[in-house]
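Report on the following structure.
When reading the values below, keep in mind they use all heavy atoms of this one structure, side chains included, and skip hydrogens, waters and symmetry mates. Index from 1, following the sequence.
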Amino acid sequence: MENNNIDQKDTGMDWKAEVKSLSFILFIALIIRIFVVEPFFIPSSSMKDTLLEGDYVFASKYDYGFSKYSMLFVNPDFIKGRIFAKAPERGDVIIFRPPHNMEQRYIKRLIGLPGDKVQLKNSVLYINGVAVPRDEVGTFEDKEGSYVKYVETLPNGLKYHILQLQNKPHDEIFQMANNTIEFVVPEGEYFFLGDNRDQSGDSRFQLGFVPFANFIAKARFFYFSTSERLWLESSATVDQIKQVYYWLASLRLHRFFNNVYSL
């Protein structure tokens, strides 16, 4: 005859063990996302063609130490400055909280370090009065326009692509973006630009200088990329089913697991 009391006890113990195991796994995953690596989605085109809209990147959380913005879901005010702080390098692609809107997260390229003088003259970047070398290497085209592609080389030797519109607009904003005042980067703050130079809201405009405390992570490599979104807002069921096909067909497999810093 079966002992039903023992079976019930074993079932209860199994349930509790499963909950403990799941809780431990979730705790480890949380620790990894806070202190080691976190996935990020690229929603805009301001960093193309380094980062394309629809890219998913892994970013390391430990490169610059940790601040209250390293946390998930909350930003505890009792954490001041950065813990285990390490200085960033010029050219790093960084996720951060913009000073003008702390609810958002931006991703841009670090150009100006504290004390630097940064300026653009006729679209050419100058750092501390010296023009940053750039070489035209081809063109880039997408639904947003046609671009000239350059390789820009920073003073520390880092090379990366930048894009500039072939058909340059003649409006005031474009002129301001490519012929700026000389920005003097304050102590403890940094100057950022988008690689898509003519279509980026960065330190030339509303972003301004970014405090070191606002840094979250350094972009490292792609783990997924697609030019179509899987879910459409306010779409009919039939359209959503069709979208699955378009989403799969738009996978950019050649970008999977590539380093963000490889040309």
Side-chain angles (χ1 to χ4, degrees), residues 26-48 50-114 116 118 154 156 158 160 183 185-196 200-225 255 257-262:
L26 292 175
F27 175 74
I28 294 299
L30 184 64
I31 292 299
I32 290 173
R33 289 194 63 170
I34 292 175
F35 295 106
V36 183
V37 66
E38 185 176 354
F40 291 89
F41 170 71
I42 307 302
S44 71
S45 60
S46 68
M47 280 291 292
K48 69 181 179 186
T50 303
L51 303 175
L52 299 180
E53 186 175 353
D55 281 341
Y56 293 76
V57 301
F58 275 126
S60 52
K61 302 291 287 287
Y62 49 81
D63 288 274
Y64 315 120
F66 307 95
S67 73
K68 66 179 182 179
Y69 301 111
S70 303
M71 303 298 108
L72 302 176
F73 314 119
V74 295
N75 304 133
D77 289 332
F78 65 84
I79 299 178
K80 305 297 182 182
R82 301 196 76 83
I83 302 169
F84 307 121
K86 290 177 285 186
E89 294 186 10
R90 197 190 308 274
D92 285 356
V93 177
I94 299 174
I95 297 106
F96 56 86
R97 295 280 183 188
H100 70 283
N101 187 347
M102 300 299 284
E103 300 300 316
Q104 293 185 335
R105 296 189 295 188
Y106 276 30
I107 183 166
K108 304 286 183 184
R109 191 178 297 277
L110 174 58
I111 296 297
L113 305 177
D116 280 346
V118 181
L154 291 176
N156 61 359
L158 182 70
Y160 53 90
F183 297 94
V185 186
E187 189 64 30
E189 299 187 354
Y190 295 84
F191 185 95
F192 287 85
L193 290 176
D195 290 351
N196 181 8
S200 173
D202 46 43
S203 291
R204 295 170 291 181
F205 300 109
Q206 77 277 11
L207 178 59
F209 303 116
V210 179
F212 190 29
N214 291 34
F215 289 18
I216 299 173
K218 177 181 178 178
R220 288 291 185 176
F221 65 91
F222 307 99
Y223 67 92
F224 193 77
S225 181
R255 295 182 71 80
F257 306 113
N258 277 358
N259 190 315
V260 167
Y261 303 92
S262 61

Set of residues satisfying side-chain hydrogen bond (donor to acceptor under 3.5 Å, both in side chains) with respect to Asn196, sequence neighbours excluded = Gln199

Parallel under 30°, tilted from 30 to 60°, perpendicular over 60°: which one fits the rings of Phe191 and Phe183?
-> tilted

May I ask you to test the Pro99-Leu207 pair for a side-chain heavy-atom distance under 4.5 Å?
-> yes

Indicate the atoms forming the closest heavy-atom contact of Ile94 with Pro88, along with that distance.
-> CD1-CB, 4.2 Å

Just jot down the side-chain hydrogen bond (donor to acceptor under 3.5 Å, both in side chains) partners of Tyr190, sequence neighbours excluded, or say none.
-> none

Using atom types as modelled and distance alone, determine if a side-chain donor or acceptor of Arg109 lies under 3.5 Å from a backbone N or O of Gly194.
-> no

Backbone N or O of Phe215 within a donor-acceptor pair of the Arg82 side chain at under 3.5 Å?
-> yes

In chain order, what residues pass the side-chain contact (heavy atoms from CB on, under 4.5 Å) check against Asp63, with sequence neighbours excluded?
-> Ser60, Lys218, Arg220

Please identify each residue that fulfils side-chain contact (heavy atoms from CB on, under 4.5 Å) with Leu26, with sequence neighbours left out.
-> Leu22

Phe221 vs Phe257 aromatic rings, parallel, tilted or perpendicular, using cut-offs 30° and 60°?
-> tilted

Output all residues satisfying side-chain hydrogen bond (donor to acceptor under 3.5 Å, both in side chains) with Ser225, sequence neighbours left out; order by chain, then residue number.
-> Asp55, Arg252

Got a sec, which residues hit ring pair (Phe, Tyr, Trp, His ring centres under 6.0 Å) with Phe41, two or more places apart in sequence or on another chain?
-> Tyr56

Can you check whether Val118's main-chain N or O pairs, donor with acceptor, with Asp116's side chain at less than 3.5 Å?
-> no

Apply salt bridge (charged side-chain N to carboxylate O under 4.0 Å, His left out) to Arg97 and list each qualifying residue two or more places apart in sequence or on a separate chain.
-> none

side-chain contact (heavy atoms from CB on, under 4.5 Å) partners for Glu38, two or more places apart = Arg33, Phe40, Lys61, Leu72, Arg105

Residues in salt bridge (charged side-chain N to carboxylate O under 4.0 Å, His left out) with Lys48, at least two apart?
-> Asp142, Glu144

Pairing residues for Tyr160 by the side-chain hydrogen bond (donor to acceptor under 3.5 Å, both in side chains) criterion, not counting sequence neighbours = Glu152

Smallest heavy-atom separation, Phe222 atom then Asn259 atom, equals CE1-O, 4.1 Å

Partner set under side-chain contact (heavy atoms from CB on, under 4.5 Å) for Gln206, not counting sequence neighbours | His100, Tyr106

Please name all residues satisfying ring pair (Phe, Tyr, Trp, His ring centres under 6.0 Å) with Phe205, sequence neighbours left out, ordered by chain then number.
-> none

